[in-house]
Amino acid sequence: MMSIAARTGALSPYLRATQHTTKSLLSPGTKELCLKTASCVSFPAPGGIRHAHTDIKIPDFSDYRRPEVVDPNKSSQDSSEGRRVFSYLVTGATTVVGIYAAKTVVSQFVSSMSASADVLALSKIEIKLSDIPEGKNMTFKWRGKPLFVRHRTEKEISAEQSVNMGELRDPEHDKDRVINPKWVIVLGVCTHLGCVPIANAGDYGGYYCPCHGSHYDASGRIRKGPAPLNLEVPFYEFPDEDSVVVG
């Protein structure tokens, strides 16, 4: 025990030397620091010492807050309703803008894949009708396919319009296949195997496919043979009485 006390007494100069160093560790009001020794070392209270963590200023966001939420004594229900409405408006506007932007992107993408102006120009053909005599048929090339344009007589018109629909394999009235009864415009492609029929031939005076024996009338309707459907009628219009535009 005596040796321990002697060793402790030898440490007293070091304890006094660390007095100033340990002041910063003491909180205000601490009077004494007891070490794990046989004696306690007393230090004067660090009065007037200001610690860094007590000098932090809280930012003031009053300038950025809405007036209705500044007063803590005022109910925030009205303010929350207003914020909710504003959120709905912003969400709705963002959705509309997003949909419009997506529509624009898709439209531009699809239009970039469509045919150019020169290709579209080749997809139409203008035919001068005065070059086709009555009762005759002329063949034109349109989109790589034969196009039949027939100038019918009054006798052919009345005969085709009086056909019994029950006799037709592909029932279709003559009025549904023509815009002007004088002119029949059909694709010259047999609906059986894609052969090219002969005009002004066959049992019905219309078109005849010699490959497999399909007979069409003057309206382009199948009347006899293996073909299942009538000749196709393309889209066309009459810009004036003397011409027709197909396509």
Side-chain angles (χ1 to χ4, degrees), residues 107-108 110-247:
S107 300
Q108 292 180 353
V110 173
S111 62
S112 65
M113 299 179 63
S114 61
S116 58
D118 55 343
V119 175
L120 292 176
L122 295 175
S123 66
K124 293 185 178 181
I125 181 174
E126 183 175 357
I127 300 171
K128 191 175 182 180
L129 299 177
S130 59
D131 295 338
I132 306 175
E134 187 177 12
K136 298 297 182 179
N137 180 91
M138 290 189 67
T139 304
F140 302 88
K141 185 178 181 180
W142 177 67
R143 294 183 180 179
K145 300 178 182 179
L147 179 70
F148 292 161
V149 180
R150 186 185 188 95
H151 190 179
R152 297 192 301 185
T153 63
E154 292 295 334
K155 181 180 179 180
E156 290 176 333
I157 294 173
S158 59
E160 299 306 330
Q161 291 182 352
S162 61
V163 172
N164 184 8
M165 299 290 290
E167 300 177 357
L168 300 177
R169 179 179 302 170
D170 185 12
E172 193 174 9
H173 199 277
D174 181 71
K175 294 181 180 180
D176 299 331
R177 295 179 56 81
V178 296
I179 297 177
N180 186 340
K182 292 183 179 181
W183 301 98
V184 172
I185 302 176
V186 294
L187 292 181
V189 179
C190 181
T191 58
H192 179 221
L193 292 177
C195 305
V196 179
I198 301 173
N200 297 322
D203 296 345
Y204 298 88
Y207 305 95
Y208 171 66
C209 181
C211 299
H212 304 93
S214 296
H215 298 257
Y216 301 88
D217 58 19
S219 184
R221 296 173 297 190
I222 182 63
R223 303 294 295 274
K224 182 180 178 182
L229 302 173
N230 303 329
L231 293 179
E232 181 182 353
V233 178
F235 174 80
Y236 64 91
E237 56 185 355
F238 295 94
D240 52 59
E241 295 182 356
D242 193 38
S243 62
V244 61
V245 177
V246 181

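Keep in mind that what you see is a predicted model, and the values were worked out from it rather than measured.
- Ion pairing between a basic and an acidic side chain is recognised when a charged N comes within 4.0 Å of a carboxylate O; E172 and R177 show such pairing.
- At a threshold of 4.5 Å between non-hydrogen side-chain atoms, the residues T139 and N137 count as touching.
- Between E134 and H151, some side-chain heavy-atom pair lies under the 4.5 Å cut-off.
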Using a 3.5 Å cut-off and no angle test, enumerate the donor-acceptor pairs between side-chain atoms of residues 192-204 and protein atoms at least two apart in sequence or in another chain.
residue: N200; atom: OD1; partner: R150; partner atom: NH1; Å: 2.9
residue: N200; atom: OD1; partner: R150; partner atom: NH2; Å: 2.9
residue: D203; atom: OD2; partner: K224; partner atom: NZ; Å: 3.0

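- Counting heavy atoms from C-beta outward, Y216 and C190 have side chains that approach closer than 4.5 Å.
- Atom CD1 of I185 and atom CG of L129 lie 7.0 Å apart (nearest 0.5 Å).
- Atom CG of L231 sits about 6.5 Å away from atom OG1 of T191, to the nearest 0.5 Å.
- Checked by atom type and distance alone, the side chain of E160 pairs as donor or acceptor with a backbone atom of A218 at under 3.5 Å.
- The two residues G213 and H215 make their nearest non-hydrogen contact at O-CD2, 3.3 Å.
- If you take NZ on K141 and CD1 on I125, they are separated by 10.5 Å, rounding to the nearest 0.5 Å.
- F140 is not listed as a side-chain neighbour of V246, based on a closest heavy-atom distance of 4.5 Å or more.
- For the atom pair CE (M165) and CD (E167), the distance works out to 11.0 Å, reported to the nearest 0.5 Å.
- A distance of 5.0 Å separates CG in D217 from CZ in R223, rounded to the nearest 0.5 Å.
- Side chains of P181 and Q161 form a contact here, defined as non-hydrogen atoms less than 4.5 Å apart.
- Counting all heavy atoms, side chain and backbone alike, V189 lies closest to P146 at CG2-CD, 4.2 Å.
- Between P226 and S214, the shortest heavy-atom distance links the atoms CD-OG, 3.2 Å.
- Closest approach of R221 to N230, counting heavy atoms only: CA-OD1, 3.2 Å.
- Of all non-hydrogen atoms in S219 and V186, the two that sit nearest each other are O-CG1, 4.5 Å.
- Across every non-hydrogen atom of Y236 and V178, the tightest pair is OH-CA, 3.6 Å.
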Determine, stepwise, if the pair V149 / W183 fulfils side chain to side chain contact (heavy atoms under 4.5 Å, CB included).
CA-CA 7 Å; V149 180; W183 301 98; 4.1 Å; yes
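- Side-chain contact between L168 and V163 is present, with at least one heavy-atom pair separated by less than 4.5 Å.
- To the nearest 0.5 angstrom, K182 atom NZ is 13.5 Å from I132 atom CD1.
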